[in-house]
2 protein chains.
Amino acid sequence: MRPDSARAVLSFLYTGLMNAPRTARERARAELTKEILASARRQLGEVGAPGLSLRSVARELGMASSAVYRYFASRDELLTALLVESYGEIGDAAVEADRPGDAPEDRWLGVWRGVRDWSLRNRHEYALLFGTPVPGYAAPHITVETAGRMPLVLARIVADAKRDGRLRPLTGPECPPAAIDPAMLVLLEEGAFTVEETARLILAWNRLVGVIGYELHGHLANVTADDAAFFEYTARAEGASLGLAFD
Amino acid sequence: MRPDSARAVLSFLYTGLMNAPRTARERARAELTKEILASARRQLGEVGAPGLSLRSVARELGMASSAVYRYFASRDELLTALLVESYGEIGDAAVEADRPGDAPEDRWLGVWRGVRDWSLRNRHEYALLFGTPVPGYAAPHITVETAGRMPLVLARIVADAKRDGRLRPLTGPECPPAAIDPAMLVLLEEGAFTVEETARLILAWNRLVGVIGYELHGHLANVTADDAAFFEYTARAEGASLGLAFD
DNA sequence: CGCAACAGAGAGCACCGCTCACTAGAAGGA
DNA sequence: TCCTTCTAGTGAGCGGTGCTCTCTGTTGCG
């Protein structure tokens with residue numbers, strides 16, 4: 001067998017979960033993992049995912065590039081870690097923008113604005129999340145919970161509105177139930193939603209991501225004149241299609 | 001000054017427009033430009049934009065990698081050429097899927113399906129068009145006409161329906177006129193649309209691109225169970241919001 | 001015919017991801 | 001406490017990339 005073949009496959013995942021590193025080695029490892037991630041995150045913000053290089057991260061930390069591979073088995077894995085981190089942040093942004101006591105319409109607008117603000121401030125991270133999936137690895141089941149936090153905030157608002165009887169009846173064509181994954185109905189607020197409401201929620205989430213992407217990628221140049229105003233309108237229109245009182 | 005500094009900046013743009021290359025050199029140049037593009041396109045379809053390399057294109061054509069720079073000044077410029085080509089193709093797909101004699105609702109669904117089919121068959125090209133904009137160059141004003149062909153097909157359908165009085169009055173919140181670029185109102189069917197209709201058209205175009213992107217990038221995994229059915233539903237819902245008779 | 005423009009070749013630079021052999025030192029059991 | 005094992009670090013190296021430069025043969029044209 002090959003000697004010295006210690007790799008670091010997905011080690012960052014449980015490294016992050018370690019609550020109390022006992023030995024000095026473990027503490028050093030946890031610290032360096034964080035430093036690598038921080039440096040990579042900085043560079044991601046500056047040059048974007050395609051420009052991020054493991055070697056330059058290593059240079060910035062004053063270590064040999066090969067040493068980084070003790071912590072992240074590949075560039076893709078490092079990107080995956082940044083992906084998870086960014087999903088967490090955009091979820092946080094959504095949660096923090098929500099004001100659970102307010103009227104559902106105000107909450108809705110607030111969360112949309114919060115997510116847009118985060119995206120404008122972190123466009124390369126946004127591209128990593130919702131642009132072309134570049135990391136060949138992806139670790140789907142690991143990210144799925146984190147990735148779902150942002151849309152769940154939207155769902156919560158609608159669920160609260162529905163509970164309080166503040167949701168108007170939906171109009172428009174009906175979604176065939178077979179189109180939606182049954183697990184989705186359970187996942188979303190434990191069955192508080194009909195198929196139709198679920199479909200509209202999916203579309204609203206898709207719209208939020210999509211319209212921000214259009215703005216960031218320049219597809220709205222020569223199309224809209226005031227991106228913020230158009231975004232606001234989009235938020236209202238999408239909310240209205242879910243039965244919120246926007247018109 | 002530097003000797004032998006002949007570059008090929010954007011030469012492919014008018015090379016493509018030359019109708020009758022006179023000299024043998026010009027014919028050879030036009031032919032090789034096409035061959036390079038064809039090889040690059042093939043590789044784009046296989047490995048995607050990040051994996052496409054100028055050197056491997058040169059290898060496939062049996063020439064030195066430096067020779068390719070006589071035709072495309074950089075990798076980005078080659079990607080830009082593929083971008084323009086792909087915009088043309090997705091526009092063609094939309095035009096060909098349209099059946100101008102049919103009812104607007106059928107035309108609408110047909111074009112949506114046509115664009116989705118093209119995207120599923122050309123996912124790397126789709127990613128180049130609507131994913132993270134990787135080519136640092138872009139040449140915006142050159143692509144804007146080509147890029148607009150696909151959404152214009154959607155606009156045409158709605159314009160025809162409006163002319164024939166088959167468009168229901170719109171519901172939902174109103175778009176502030178200042179949000180839309182005035183040039184857009186003129187561009188779209190020469191002023192046939194109100195601000196509100198224009199805004200809805202922009203959103204429909206955004207939806208078409210966005211929902212396909214969600215499907216291609218895996219964001220609908222564990223969310224929808226039948227992507228085709230969900231897409232169909234999305235097309236109807238978006239059409240209905242424009243006043244087409246889908247419900 | 002002769003000059004200038006041009007298309008190709010090939011070496012080379014700086015960078016990349018990643019692997020390997022090796023070493024200094026920490027961890028932990030006898 | 002000693003000794004073994006495991007680990008984190010180094011640096012060289014491989015094959016790849018985009019791109020530049022110099023040089024050469026060929027083509028086009030006055």
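Numbered from 1 within each chain, the chains take letters A, B, ... in sequence-line order.
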[X] [atom1] to [N] [atom2], straight-line distance once rounded to whole Å:
X	N	atom1	atom2	value
A/L32	D/dG9	CG	C1'	10 Å
B/E31	D/dT27	CD	P	16 Å
B/E77	D/dG18	CD	P	14 Å
A/R27	C/dA26	CZ	P	13 Å
B/M63	C/dA9	CE	P	6 Å
A/R29	D/dA8	CZ	C1'	8 Å

Contacts of B/Y126 that satisfy ring-ring contact (aromatic ring centres under 6.0 Å, His included) - sequence neighbours left out:
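B/Y126: ring-ring contact (aromatic ring centres under 6.0 Å, His included) contacts with B/F130.
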
Report the nucleotide, chosen from [options], that has the shortest atom-to-atom distance to any side-chain atom of [X].
X	options	answer
A/Y69	D/dC23, D/dC19, C/dT19	C/dT19
B/S66	C/dT19, C/dA9, D/dA8	C/dA9
B/R70	D/dG9, C/dG8, D/dC19	C/dG8

When you measure from the side chain of A/T224 to the backbone N and O of A/D227, does any donor-acceptor pair fall under 3.5 Å?
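Between the backbone of A/D227 and the side chain of A/T224 there is no qualifying donor-acceptor contact (under 3.5 Å).
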
B/R75 side chain vs B/L52 backbone, donor-acceptor pair below 3.5 Å
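Side chain of B/R75 to backbone of B/L52, a donor-acceptor pair under 3.5 Å: yes, one is there.
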
Restricting to nitrogen or oxygen on both sides, can you table the protein-nucleotides 13-16 of chain C pairs closer than 3.5 Å?
unit_1, atom_1, unit_2, atom_2, d
C/dC16, OP1, A/S53, OG, 2.9
C/dC16, OP1, A/R59, NH2, 3.4
C/dC16, OP2, A/R59, NH1, 3.3

Salt bridge (Lys or Arg N to Asp or Glu O under 4.0 Å) between A/R42 and A/E46, worked out:
CA-CA 6 Å; A/R42 239 191 18 77; A/E46 285 174 11; 2.7 Å; yes

B/S86: which residues meet the side chain to side chain donor-acceptor pair (under 3.5 Å) condition with it, sequence neighbours left out?
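If we apply the side chain to side chain donor-acceptor pair (under 3.5 Å) test to B/S86, skipping adjacent residues, there are no hits.
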
Excluding sequence neighbours, so at least two apart, what forms side chain to side chain donor-acceptor pair (under 3.5 Å) with A/D181?
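A/D181: no side chain to side chain donor-acceptor pair (under 3.5 Å) contacts found.
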
Tell me whether B/R29 forms a cation-pi arrangement with B/Y71, defined as NZ or CZ under 6.0 Å from the six-membered ring centre and within 45 degrees of its axis.
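The answer is yes; both the distance and angle limits are met.
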
Would you please classify the geometry between the A/W205 ring and the B/H219 ring as parallel, tilted or perpendicular, with 30° and 60° separating the classes?
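The rings of B/H219 and A/W205 stand perpendicular, inter-plane angle above 60°.
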
Contacts of B/R200 that satisfy salt bridge (Lys or Arg N to Asp or Glu O under 4.0 Å) - sequence neighbours left out
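Salt bridge (Lys or Arg N to Asp or Glu O under 4.0 Å) list for B/R200, sorted by chain: B/E196.
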
Atom pairs under 3.5 Å: protein N/O with N/O of nucleotides 27-30 of chain C:
unit_1, atom_1, unit_2, atom_2, d
C/dA27, OP1, A/A24, N, 3.2
C/dA27, OP1, A/R25, N, 3.3

